[in-house]
Amino acid sequence: MEEGKMDENEWGYHGEGNKSLVVAHAQRCVVLRFLKFPPNRKKTSEEIFQHLQNIVDFGKNVMKEFLGENYVHCGEVVQLPLEFVKQLCLKIQSERPESRCDKDLDTLSGYAMCLPNLTRLQTYRFAEHRPILCVEIKPKCGFIPFSSDVTHEMKHKVCRYCMHQHLKVATGKWRQISRYCPLDLYSGNKQRMHFALKSLLQEAQNNLKIFKNGELIYGCKDARSPVADWSELAHHLKPFFFPSNGLASGPHCTRAVIRELVHVITRVLLSGSDKGRAGTLRLGLGPQGPRVCEASPFSRSLRCQGKNTPERSGLPKGCLLYKTLQVQMLDLLDIEGLYPLYNRVERYLEEFPEERKTLQIDGPYDEAFYQKLLDLSTEDDGTVAFALTKVQQYRVAMTAKDCSIMIALSPCLQDASSDQRPVVPSSRSRFAFSVSVLDLDLKPYESIPHQYKLDGKIVNYYSKTVCAKDNAMMSTRFKESEDCTLVLHKV
Ligand SMILES: O=P(O)(O)O[C@@H]1[C@@H](OP(=O)(O)O)[C@H](OP(=O)(O)O)[C@H](O)[C@H](OP(=O)(O)O)[C@H]1OP(=O)(O)O
Ligand SMILES: Nc1ncnc2c1ncn2[C@@H]1O[C@H](COP(=O)(O)OP(=O)(O)OP(=O)(O)O)[C@@H](O)[C@H]1O
C-alpha cells in the first residue's frame, strides 16, 4: 500500500459489525478494516497498533493452525495518513446504518488492517470483468452444550441461537423469529442444510449477506430493513445459474434460482478443499451432545411425522464447517462451568497483577499460546494454570462461534479444469470457488462476566415465555383430549 498516495475517493463503504468498519478499494481487491469505539472511549495509538497486531498474530499462530491456511487471511497492519482517514470517515458517514453509529471509527491512530477483499477474491485466472458472486454466512454456535456443569435443563435441548432469537425479537433487534437453526447447517445432512440455508434466505438478520461483484445485493442492516425480496434476488442470480437464459421469469423461475443457489452453497460447504498442512486441526473432539435442537422447525416437523431424528453429523473432516465446529467445541465446560474458573484467574490477578503479562491474557498470541490450547483435559486440579487454559480455550471457542464464512463463486467455462482450482457444478453452470473465514478477532478476557449474565438472560427469557406458552398449549390440548374422552364415555 503506497501510503503517501492514499486518496479517499478510491475507497467506498463496504460494511461494518459491532467492533470494526470495512472500506473497499474501487479497483483493487483489497479492503481496509478499521476499529470502532464508543465515543469518549478512545485508546492510544500504541494500544490500537498492539490490538491490530494481536489480531494478525492470532490469525497466523492459532486460527490458521486450527482451520487451515487456505481458509484464513490474516492481512497486515498498515499505517495511513491521518488526513486520508479523516476524509474517508466523513465520506462514508452517510452510508453507515443508524444502528451502528453508536460507535465511531478510529480516526486518531492512523492504523488499520489491510486484507484481501474476500467478496471479490479471485478464485480462477479469469479476466477482470468476470462476474463474481459471494455469500457470507455467520453460522453461530453449531452444538448443544454437553458439559455436566450446565444447570438449566433447557440448554441440553434447545440451542443458544434458537433461544436467543426470542430475546432479540422481544428487544426489537429483529422483527421476527428465524427458522434457521445452526445445528441444521452443521448437520452435514443435505436436506437439513438446504432447510437451514433457505431459512437464512427468508430471514437473513446478520447471518447472511450476498454480494455481486463486491456490492451488497441481499441482507438486512437492522429490524427496520425492508422485507427480503426473493424475486429481486433471483433477478440478480439468474445469469449466474441459468447463463443461457432458458428460464422465463416469475415465481417458478425464482424458486428454481434459489434452489440452485442453496444446492451450490451446500456442496461448497461440504467440500474439503483445504490443502493446508497435515498438522492442522489437532483437536479431534468427537461429536458430543444432542444432534438436534428441539426448537428447529425441521426437527419439530420430523417429530410430528413420527420420524426418527436424523443421523449424527456427517460433515466431512476437511470442510470448514467441521473445523469451525471443532474449535467451537473448545468450550468444553460451557459458560456455567467456565465462570468459576474465570473467577479463580481474577482472584489470582488481583493478588499478582504483574502476572497478567506472563499469563498471556492480552497476548502475545504466539506458538506457546497455541500449544496450551491443545490440552483438552477437564479434570480440575484446582490450579490457576488449569483455570487459565480453560479460559483461553473458551475465548477461542467464542471467536469461532461468532466468525463468518465467505464463499466466492465465479462462473467458469465448461472445459476449464486445468488450474486445479475447486469447481462446483450446478444444473446449468459451473463455478470456481473459494471459501474463507473472517472476523477471527480473539474475544476479550473481560467479556466473560457479560457472557455469563447474557447466558442466564437468554435461557430465563426462553423458559419463561416460550416454554410457558408451549405448556399452556399442551395443557389445552390435554384438556381437549380429556373432554373428548369424556364425550366418548358418555356415548
Ligand atoms: O453474544 P451473541 O451471540 O449475541 O454475539 C454477538 C453478536 O450478535 P449476534 O447474536 O450474532 O447478532 C454481535 O453481532 P452484531 O453486533 O449483533 O451484528 C457481535 O458479533 C458480538 O461480538 P463482539 O462483541 O463485537 O466481539 C457478538 O458477541 P460475542 O458473544 O461473540 O462476544
Ligand atoms: N476481508 C474482507 N473482505 C470483504 N469483506 C469483508 C472483509 N472483512 C470484513 N468484511 C465485511 O465487513 C463486515 C464487518 O466486518 P467484521 O465482521 O469483521 O466486523 P466486526 O465488527 O468485527 O463484526 P462483529 O459484529 O461480529 O464483531 C463483514 O460482515 C463483511 O461483510
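Whatever order the structure lists ligands and atoms in, that order sets their numbers, starting from 1.
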| Is the shortest N/O to N/O distance between Arg100 and ligand 2 below 3.5 Å? | no
| query | Does the side chain of Leu338 reach to within under 4.5 Å of the side chain of Tyr452, using non-hydrogen atoms? | reply | no
| field | Side chains of Lys390 and Gln393, donor plus acceptor under 3.5 Å | value | yes
| query | Tell me, do Lys212 and Phe240 make a side-chain contact under 4.5 Å, heavy atoms counted? | reply | yes
| Identity and distance of the protein heavy atom lying nearest atom 28 (O) of ligand 1 | Lys443 NZ, 4.1 Å
| Are any of the N/O atoms in Trp174 less than 3.5 Å from those in ligand 1? | no
| note | So for Arg100 against ligand 1, with non-hydrogen atoms under 4.0 Å, the contacting part is side chain
| ligand 1 versus Asp441: contacting region, heavy-atom distance under 4.0 Å | neither
| query | Going by distance only, is there an N or O of Leu115 that falls short of 3.5 Å from an N or O of ligand 2? | reply | no
| remark: Looking only at protein heavy atoms, what sits closest to atom 25 (O) of ligand 1 is Asn18 ND2, 2.9 Å
| request: From the options Met113, Glu136, Lys103, select the one whose nearest heavy atom is closest to atom 29 (O) of ligand 2. | output: Glu136
| field | Polar contact flag, side-chain donor to acceptor under 3.5 angstrom, Asp229-Tyr218 | value | no
| Heavy-atom proximity to atom 1 (O) of ligand 1, best of Arg160, Lys401, Gln205, Lys138 | Arg160
| said: Which residue and atom name correspond to the protein heavy atom nearest atom 13 (C) of ligand 2, and how close is it? | reply: Lys209 NZ, 3.9 Å
| task | Considering heavy atoms of the protein only, find what lies nearest to atom 10 (N) of ligand 2 and give residue, atom and distance to 0.1 Å. | result | Val22 CG2, 4.0 Å
| task | Only one of Lys140, Arg192, Lys198, Arg179 passes salt bridge (charged side-chain N to carboxylate O under 4.0 Å, His left out) with Asp184; say which it is. | result | Arg192
| request: Scan side-chain atoms only and decide if Gln165 and Gln205 contain a donor-acceptor pair under the 3.5 Å cut-off. | output: yes
| said: Are there over 12 heavy-atom neighbours, none belonging to Glu215, within less than 6.0 Å of that residue's CD? | reply: no
| query | So is there a nitrogen or oxygen of His14 less than 3.5 Å from a nitrogen or oxygen in ligand 2? | reply | yes
| message | Measuring from atom 26 (O) of ligand 2, which candidate in Ile55, Asp441, Asp439 has the nearest non-hydrogen atom? | response | Asp439
| Below 4.5 Å, heavy atoms only, C-beta onward: do Ile210 and Leu261 meet side chain to side chain? | yes
| note | Closest to atom 19 (C) of ligand 1 (heavy atoms only, candidates Ile335, Asn207, Asp402) is Asp402
| Tell me, which protein residue and heavy-atom name are nearest atom 20 (P) of ligand 2, and how many Å apart are they? | Ser20 OG, 3.2 Å
| query | Taking side chain as C-beta onward, heavy atoms only, is Met6 less than 4.5 Å from Trp11? | reply | yes
